[in-house]
Amino acid sequence: MKYTNWLPISLVLGLVLVFTGSAFAQDILPSDDEVNAIAKGIYCPVCENTPLDVCPTQVCAQWRELIREQLAMGWSEAQIRQYFVDQYGDRVLASPPARGLNWLVYILPPLAILSGALILFRTLRTWKKPLPAVDPGVVETNLEKDEYVARLESELRRR
Amino acid sequence: MSDLTENGPLQPTEVESKKTGRRTGHLLAWGGLMILLAILALGLDRSQKGPVSEGQRAPNFSLTTFDGEEISLSSLRGKVVVLNFWASWCKPCEQEAADLEAAWRYYQPGGQVVFIGVDYIDTKPEALAYLEKFDITYPNGPDLRTQISQAYRITGVPETYFIDQNGLVNNKKIGPFTRFEDITRIIDAMLQP
């Protein structure tokens, strides 16, 4: 085959390689869904109580792009999350890490529920419990021992 | 009042132990409530304090600049420190960026004034682009875990603190500077013997 015949073939091959190459490159970039799957678990450190996936500000868009880049570099979700914590603090997390005073957040609600349940249980038990049967003999003996009753009885007897 | 059960009156020892148990329970409940209230009060007090104000000691911090240099406030004792909080996404910060850089270049030869930029909640590429755009040459670094901004209890960006030679906050500006002279006026007053 002549050299001139190879030229168009190599051109076509070259073009095919270029286009498939760019297509592969596009495949490597994570999709918006993949980015948002992680972004929804990270909160915007500037606009409070807004997850990154729905945050409309420019800075949040920058952070979403950062997540995309980190995913493209092969970072795991835990690594990305840790990066954001290291950079911006615990406030980016949906729930505070269980350490220090943060433990109160995890301990107090169940403790309050348990205490409430205990109080409720004890109150209900008091309502249901039948009054103890009073032994008339015991009452009488007690009455006899009562100085005031004895005095009253003697006063009445005198009349 | 006598303590009675379904099985008859309780023995005095049983009554006493029941009373002790009840007392301990009450003490624990009240103690827990008091501790919780104290924590809440501390949190509220902190949130109501507002930014560090004039005359107060400037909280010490250490910052790793974008160039990898370590700077701590305590090592700058004897110099006037201009501490500026900014972010690349902050439009008002752009208003003062050129004036701050001009002021830094004005005082830099004297060696008595140090400017430090603290990049608040930002992404590194955008922060570096911002520094390049405004040709900022004084040391700048990220506020990792927002520790410095929390220590100064900033209310937003930009905010600038002027710390005197003894480490006390002499002046502060919430919002952007709009004139170069406004910056130099404060620093000149601090440099007066």
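Each chain gets a letter, A, B and so on, in the order its sequence line appears, and its residues count up from 1.
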A.B. asks: Is it the backbone or the side chain of B:D122 that comes under 4.5 Å from a heavy atom of chain A, or both, or neither?
C.D. replies: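 Both parts, heavy atoms under 4.5 Å.
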
A.B. asks: Do A:R91 and B:I121 come within less than 4.5 Å of each other through their side chains, counting heavy atoms only?
C.D. replies: yes

A.B. asks: Ignoring hydrogens, what is the shortest heavy-atom contact between A:D86 and B:R145? Give both atom names and the distance.
C.D. replies: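 Closest heavy-atom pair between A:D86 and B:R145: O-CG, 3.0 Å.
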
A.B. asks: Would you say CD of B:E132 has more than 12 non-hydrogen atoms from neighbouring residues, nucleotides or ligands within 6.0 angstrom?
C.D. replies: no

A.B. asks: At a 4.5 Å cut-off on heavy atoms, which part of A:V85 comes close to chain B: side chain, backbone, both, or neither?
C.D. replies: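 Backbone plus side chain of A:V85, per the 4.5 Å heavy-atom cut-off to chain B.
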
A.B. asks: Any link between B:Y130 and B:V157 through a network of hydrophobic side chains (Ile, Leu, Val, Met, Phe, Trp, Tyr) touching at under 4.5 Å?
C.D. replies: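 No, separate clusters.
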
A.B. asks: Same cluster for A:V46 and B:I154 if Ile/Leu/Val/Met/Phe/Trp/Tyr side chains link at under 4.5 Å?
C.D. replies: yes

A.B. asks: Does one hydrophobic cluster hold both B:F177 and B:Y106, with members joined at side-chain heavy-atom distances below 4.5 Å?
C.D. replies: yes

A.B. asks: Rounded to the nearest 0.5 Å, how far apart are CD of A:E65 and CD of B:E126?
C.D. replies: 9.5 Å

A.B. asks: Hey, any chance B:Y161 and B:I183 share a hydrophobic cluster, counting ILVMFWY side chains that come within less than 4.5 Å of each other, even indirectly?
C.D. replies: no

A.B. asks: Select one option (side chain, backbone, both, neither) describing which atoms of A:L111 are under 4.5 Å from chain B's heavy atoms.
C.D. replies: neither

A.B. asks: Where on B:Q147 is there a heavy atom nearer than 4.5 Å to chain A: the side chain, the backbone, both, or neither?
C.D. replies: neither

A.B. asks: Working to the nearest 0.5 angstrom, can you tell me the gap between A:L101 CG and B:I39 CD1?
C.D. replies: 5.5 Å

A.B. asks: Look at atom NZ of B:K173 and say whether more than 12 heavy atoms of other residues, nucleotides or ligands are closer to it than 6.0 Å.
C.D. replies: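 Correct, the count exceeds 12.
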
